[in-house]
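A short write-up of the structure that comes next.
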Amino acid sequence: MFLACWSWFCVALVSYVSGAKIPDPEVKIEVLHKPFLCHRKSKYGDLLLVHHEGFLENGTMFHSSRVHGDKHPVWFTLGIREVIRGWDKGLQNMCTGERRKLTIPPALAYSKEGKGKIPPDSTLIFDIEIMEIRNGPRSHESFQEMDLNDDWRLSKQEVKEYLRKEFERHGYPPNDTHHEVMAEDIFKREDKNNDGFISAREFTYKHDEL
């Protein structure tokens, strides 16, 4: 029962509250257009299809999905650091068809490293429109619940702690030997790069066996 729950990530959607941290800088959000009807809003774990244009503070465009490349919108999963942190923060609670202007400080973009046409320590401005929202294949909330030290990867100890809590929640006594065997089996299937951890990407993306 518990392995089936792990495979489909049917755990309670309870966010883990981490200890005190230095607060992140803020993303400035300006709504450029919002549709009259909004059937759902974007949240962590959702797949978003977006068109976007990116600018430096001096107005220089460094990329446009409508002009560059194949000129198609791009898919990504919100909230797993697949994109810059400013997008993860600034694209929550959006409707399909909504456009936002995001002003993102360097710490939530490319910081001191820069990237390509983007100089180091650049504040970036994005015009982003959500074209479509779909359910993500796996739950970001579940990952946050299990990621006890908030390092964006799951250790075997964190997985075993999750299994122990699940046993107790369902009225079964904890069984360390059983949890160890289950954790080993989970890591064989989920730790695709064999680094001893299950990353947010490995957790969130659907695997072939699912």
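Heads up: numbering here begins at 1 and tracks the sequence. Computed from a predicted structure; not experimentally measured.
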Single-linkage hydrophobic cluster, 4.5 Å side-chain cutoff, [X] and [Y] together:
| X | Y | result |
| --- | --- | --- |
| Val74 | Tyr44 | yes |
| Ile133 | Ile29 | yes |
| Leu108 | Phe62 | yes |

Starting at [atom1] of [X], measure out to [atom2] of [Y] and round the result to the nearest 0.5 Å.
| X | Y | atom1 | atom2 | answer |
| --- | --- | --- | --- | --- |
| Asp195 | Glu202 | CG | CD | 6.0 Å |
| Lys115 | Leu124 | NZ | CG | 11.0 Å |
| Trp75 | Leu48 | CH2 | CG | 8.0 Å |
| Phe126 | Leu102 | CZ | CG | 8.0 Å |
| Ile186 | His179 | CD1 | NE2 | 11.0 Å |
| Met182 | Arg164 | CE | CZ | 13.5 Å |

Shortest non-hydrogen contact from [X] to [Y]?
| X | Y | answer |
| --- | --- | --- |
| Val159 | Leu154 | CG2-CB, 4.3 Å |
| Ala107 | Pro25 | CB-CG, 3.8 Å |
| Thr123 | Pro105 | OG1-CA, 4.2 Å |

Residues forming a side-chain contact (heavy atoms from CB on, under 4.5 Å) with Val83, sequence neighbours excluded
Phe76, Trp87, Asp88

Listed by chain and number, what are the side-chain contact (heavy atoms from CB on, under 4.5 Å) partners of Lys41, not counting sequence neighbours?
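For Lys41 the side-chain contact (heavy atoms from CB on, under 4.5 Å) partners, ignoring immediate neighbours, are Lys34, Cys38, Asn93, Cys95.
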
[X] side chain vs [Y] backbone, donor-acceptor pair below 3.5 Å:
| X | Y | answer |
| --- | --- | --- |
| Ser42 | Leu91 | yes |
| Glu82 | Thr77 | yes |
| Thr96 | Met131 | no |
| Glu168 | Leu163 | no |
| Glu158 | Ser155 | yes |
| Asp46 | Lys43 | yes |
| Asp147 | Asp151 | yes |

Within a strict 4.5 Å, meaning less than it, do heavy atoms of the Pro73 and Leu49 side chains meet?
yes

Side-chain touch Ile84/Ile104, heavy atoms, less than 4.5 angstrom:
yes

Could you name each residue pair satisfying side chain to side chain donor-acceptor pair (under 3.5 Å) that touches residues 61-71, not counting sequence neighbours?
His51-Ser65, Arg66-Glu129

Walk me through it: do Met146 and Gln144 pass the test side chain to side chain contact (heavy atoms under 4.5 Å, CB included)?
CA-CA 5 Å; Met146 285 183 271; Gln144 284 189 310; over 6 Å; no

Aromatic centroids of Phe143 and Tyr162 separated by under 6.0 Å:
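Aromatic pair excluded; centres sit 6.0 Å or further apart.
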
Asn58: what forms a side chain to side chain donor-acceptor pair (under 3.5 Å) with it, not counting sequence neighbours?
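So Asn58 forms a side chain to side chain donor-acceptor pair (under 3.5 Å) with Thr60.
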
Are the charged groups of Lys28 and Glu30 less than 4.0 angstrom apart, N to O?
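No salt bridge links Lys28 with Glu30.
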
Taking salt bridge (Lys or Arg N to Asp or Glu O under 4.0 Å) as the cut-off, I'd like each qualifying pair that reaches into residues 90-108, sequence neighbours left out, listed once.
Glu98-Arg100, Arg99-Asp127

For Phe197, all residues meeting ring-ring contact (aromatic ring centres under 6.0 Å, His included), sequence neighbours excluded
none

